[in-house]
Every structure is written in structure tokens, then in C-alpha cells.
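A quick write-up on the structure given underneath.
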Amino acid sequence: MHLFISIFSALVLAGAALTANPLQTSAGPVSVTRMAGDLDAPWAIAHLPGGGFLVTERGGDLFHFAGGHKSRVTGVPKVVARGQGGLLDVTLPRDFAQSREVFLTFSKKMRGGAGTALAIGRLSADNSRLENVRVTFEASEGRSGGRHFGSRVVEARDGTLFLTIGERGDRPSAQDVGNHNGTIVRINRDGSVPADNPFVGQEGVRPEIWSYGHRNPQGAALDLQGRLWTSEHGAKGGDEVNLIRKGANYGWPVISYGRHYSGKKIGEGTKKPGLEQPKHYWDPSIAPSGLMVYSGKLWPEWRGDIFIGSLKFDHIARLAGKDLREVEQIEGSETGRVRDIVEAPDGSIWFISVGDGAVYRMAPG
């Protein structure tokens, strides 16, 4: 018996697949399989073509998983692992099979404390190390403390990169376009500024800015039309799902559907001319994390729906409809503090449970 338990534990630690009981959903039962375990504050997943996947740990480690084996990838940039900061998102470009480039977001030491940065490196052929790692973007200034780094990176259809940046706990800075706090920036892959960014050439405005007035966008993805969506943490209430428009101001902290943690009113209310409205908001807050728009490959009835993990209420929210609303909560023993959610190449849905320190795969069944 003791030998069986030891072997079972070793398989879990190595990330071997273990099938759990099905979850009941609007599309019928789905099987949930544990694909990786023994992770410390996992933050993001990226699938490699041909099998295998990468997972970041906030403390600064990047791991490669394949065939039930877990190995550390060396060459990762040094991170400031404090509070919500550390090694955060991992994304692969569409040309990964040719370039083998990996995009990593992280909290970087800089003047004034730490700020959100983007590094790009080449994954070696044996998946053991990152080579030619360079920082292609970093926020204009750092802040002390460990809050609100944002930190999702999304490749747009035209090859430019969107990077979400939180306001670092400095609320007024989200309305100051002279810095990068509380913004979504758009850059070319080499870190240069696209000529058609909305504020290029405007004095006193950071040219990388695509939109601003954000609090802490920790989820981001393109929809089936190529539009960028984000999920954003509010304060006490007021978590948001936003459709991102070029040059738009999303209002924080001038407007919000939440309140300060003290209970006091935020800004000027919930609406103001010239400021964007969320497509959906939650009150009370669910602490939204990763965001994915589903292709419909395995579940045609979910095509175009938005899936968002909840760190607070331990479920996956499904949103749908022209007037976007939450239509389902997918939850089970595996959905504890869902940090990231992605669609795999085969159409299955993968998510990170911070509570379990594990990666799970959902498939029909």
C-alpha cells in the first residue's frame, strides 16, 4: 500500500495525467484531467506545437512539460517576486514553429521599485533553455509595493503585441498618459512603436499607449474577429470585462461600479461622457483572472463565448450574448482560484488552479 501511494505521488509531481470526476455544464458533462502538478503559484500556460506545454511560476521559474515529465527552463530573466509581481504571462507567437520565440511578462527591477516588462527569448531545440533573451519593453517608471502589474501579452492579427499594465496601486496615474501605469500598450515585436498608434507624435504622451484608464487587467485575449478583450480587477465590486478600442479611456479611477475597500465612493460615479463603459461588470467582485474566447472546436454551442477564471469564488465564468452577461459558472473541486484559462490546439480547455498548484484539461465526456 505504501509503495502504491509513493508511486501515485511521484506521478502527480511529474505532472502525469490523472482523470477526475466529470463536471456538469450546459454542454453536458466534461471530463477534467490533471495535466501538471506540484506547482508553486502558477500563473500562465502556453501550448507548444506538436505537444508539450510551458507553465510560469510567479516566483521566477518557467517549466516545460511533455510526456508526464517536468523540467525547468533556464535563461529566464530575473524577476522581482513580491506581492502580485514576479514571472507572469507566457505566450507563443503564431510563427513559433519557425522562430521558437517565447514572450514572457514579468515585474522588473527599475528606478522607483518595479514595473511590468516584456522579454523575448528563443527556446532551445531540446526545450531546456531560453537563448538570446532581450527586454523589448519596460514600463516608464517603477513603483514600490507589489500590486497591480496587469501583465498579459497578446499577439494581434497584424503581428503587433498588446501588453496590459496595472496602475501599480497609484490610482491617479491611470489617467496620466505621461506614464505607462494603467494602460494597454501596443508595440512591434522588436519593441518599436507602430506608426498608427493613437498618440504617436503627441507631446507628453507615451507613444506606446493604445488605451488607458485601467486598474489591473489580468486577463486578455482576441475574439474570433480579432478584437482585444480584457478582464480587469475592480476594487470592492466593479470587476470589468472590456472591449478595447484604440485611444479610449476606460475611466479608472474617475468612474467605477465598485467602491473603495473603506466603503467610500470612487470618483464621480458609474458614468461620464467620454469614458468607456464595461461590456460586463461584477458586484460583488469575483477577482477575474485569465480570459479566453472559445473557437467552438469541441463545443460548437460555446463558439465565441468568453471564459474567465475567478480567483475569489473558485469557478470559471462563461459569458455570452449580444448584451454580454454571465450565463454559466463551471465549478468543481478542481477550480480553486483559477488563474489562467486557454484553448489548446485540439479545442480542449485548459486552466490553472492556484489552489491545487495544478494544470487541468477539460474535454467532452
Side-chain angles (χ1 to χ4, degrees), residues 36 42-57 60-67 69-79 87-108 116-139 150-165 184-197 208 210 220-224 226-228 290-293 295 297 340-348 350 352 359:
W43 216 89
I45 323 163
H47 286 89
L48 298 167
F53 56 98
L54 301 174
V55 178
T56 58
E57 285 186 343
D61 285 324
L62 176 66
F63 289 101
H64 172 256
F65 290 86
H69 299 285
K70 173 186 177 185
S71 57
R72 182 177 284 104
V73 179
T74 62
V76 175
K78 186 176 181 180
V79 308
L87 183 60
L88 302 173
D89 204 11
V90 56
T91 297
L92 304 184
R94 290 186 295 275
D95 70 356
F96 174 83
Q98 294 76 42
S99 70
R100 293 197 63 82
E101 288 195 328
V102 176
F103 305 155
L104 295 172
T105 69
F106 65 106
S107 52
K108 181 179 183 294
T116 302
L118 171 68
I120 300 178
R122 183 183 182 279
L123 185 64
S124 62
D126 64 358
N127 302 308
S128 68
R129 64 192 181 278
L130 290 179
E131 304 167 334
N132 189 29
V133 178
R134 64 272 187 203
V135 176
T136 59
F137 173 85
E138 60 182 73
S151 214
R152 294 289 176 186
V153 57
V154 176
E155 184 185 30
R157 285 185 174 177
D158 63 3
T160 60
L161 303 179
F162 291 114
L163 175 63
T164 71
I165 304 173
I184 294 172
V185 301
R186 176 177 176 254
I187 57 173
N188 293 314
R189 195 149 153 179
D190 63 2
S192 61
V193 177
D196 59 345
N197 269 13
E208 299 87 356
W210 185 256
L222 301 182
D223 66 13
L224 305 186
R227 302 175 299 177
L228 181 67
L291 180 152
M292 176 269 291
V293 182
S295 71
K297 193 168 187 177
D340 195 16
I341 183 165
V342 300
E343 181 178 348
D346 66 357
S348 60
W350 291 47
I352 283 176
V359 176

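The model shown is predicted, which means the values in this text are computed figures rather than measured ones.
The CD atom of Glu155 sits 11.0 Å away from the CZ atom of Phe162 when rounded to the nearest 0.5 Å. To the nearest 0.5 Å, atoms OG1 (Thr164) and CZ (Arg152) are separated by 8.0 Å. Here the straight-line distance linking atom OG1 of Thr74 with atom CD of Glu131 works out to 8.5 Å at 0.5 Å rounding. Going from atom CZ of Arg157 over to atom CG of Leu228 covers 12.0 Å, rounded to the nearest 0.5 Å. Note that the CG atom of Leu92 and the CG atom of Leu123 stand 8.5 Å from one another [nearest 0.5 Å]. Distance CH2/Trp210 to CG/Asp196: 6.0 Å, rounded to 0.5 Å.
Thr105 pairs by the side-chain contact (heavy atoms from CB on, under 4.5 Å) definition with Leu88, Asp89, Leu118, Ser151, Val153, Leu163, not counting sequence neighbours. The side-chain contact (heavy atoms from CB on, under 4.5 Å) check on Ala117 picks up Phe106, Lys108, Val135, Glu138, with sequence neighbours excluded. Take His64 and apply the ring pair (Phe, Tyr, Trp, His ring centres under 6.0 Å) test, not counting sequence neighbours, and it matches no residue.
A donor-acceptor pair under 3.5 Å is formed between the side chain of Asp346 and the backbone N or O of Ser348. Not a single donor-acceptor pair under 3.5 Å links the side chain of Lys297 to the backbone N or O of Ala344. A donor-acceptor contact shorter than 3.5 Å is absent between the side chain of Asp61 and the backbone of Arg72. Using a distance-only test at 3.5 Å, with no hydrogens or angles considered, no donor-acceptor pair links the side chain of Thr116 to the main chain of Ile165. In terms of modelled atom types and a separation under 3.5 Å, the side chain of Asn188 and the main chain of Gly191 share no donor-acceptor contact. Side chain of Thr91 to backbone of Val154: no donor-acceptor contact under 3.5 angstrom is found. Judged by distance alone, with hydrogens and angles left aside, the side-chain atoms of Ser99 form a donor-acceptor pair with the main-chain N or O of Asp95 at under 3.5 Å. Remark: the backbone N or O of Leu161 is not paired with any side-chain donor or acceptor of Arg189 at under 3.5 angstrom.
Between Phe96 and Glu101 the shortest heavy-atom distance is CD1-O, 3.2 Å. Considering every non-hydrogen atom in both Val133 and Ala119, the closest pair reads CG1-CB, 4.2 Å. The two residues Ile45 and Asp340 make their nearest non-hydrogen contact at N-OD2, 3.0 Å. Here the closest non-hydrogen pair linking Leu104 and Pro77 is CD1-CD, 4.1 Å. Closest approach of Pro93 to Phe103, counting heavy atoms only: CB-CZ, 3.7 Å. Closest heavy-atom contact between Pro42 and Ile352: CG-CG2, 3.6 Å.
Within a 6.0 Å sphere centred on CZ of Arg134, heavy atoms belonging to other residues, nucleotides or ligands number more than 12.
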task = Using the side-chain contact (heavy atoms from CB on, under 4.5 Å) rule, take Val102 and Val73 through it: C-alpha gap first, then chi angles, then the decisive distance, then the call.
result = CA-CA 12 Å; Val102 176; Val73 179; over 6 Å; no
request  = Test Asn132 against Arg122 for side-chain hydrogen bond (donor to acceptor under 3.5 Å, both in side chains), laying out the working first.
outcome  = CA-CA 6 Å; Asn132 189 29; Arg122 183 183 182 279; over 6 Å; no
request  = Any chance you could lay out the side-chain contact (heavy atoms from CB on, under 4.5 Å) test for Asn127 and Leu48, step after step, and finish with the verdict?
outcome  = CA-CA 10 Å; Asn127 302 308; Leu48 298 167; 4.3 Å; yes
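Ring pair Phe65/Phe53 is parallel by interplanar angle, where below 30° counts as parallel and above 60° as perpendicular.
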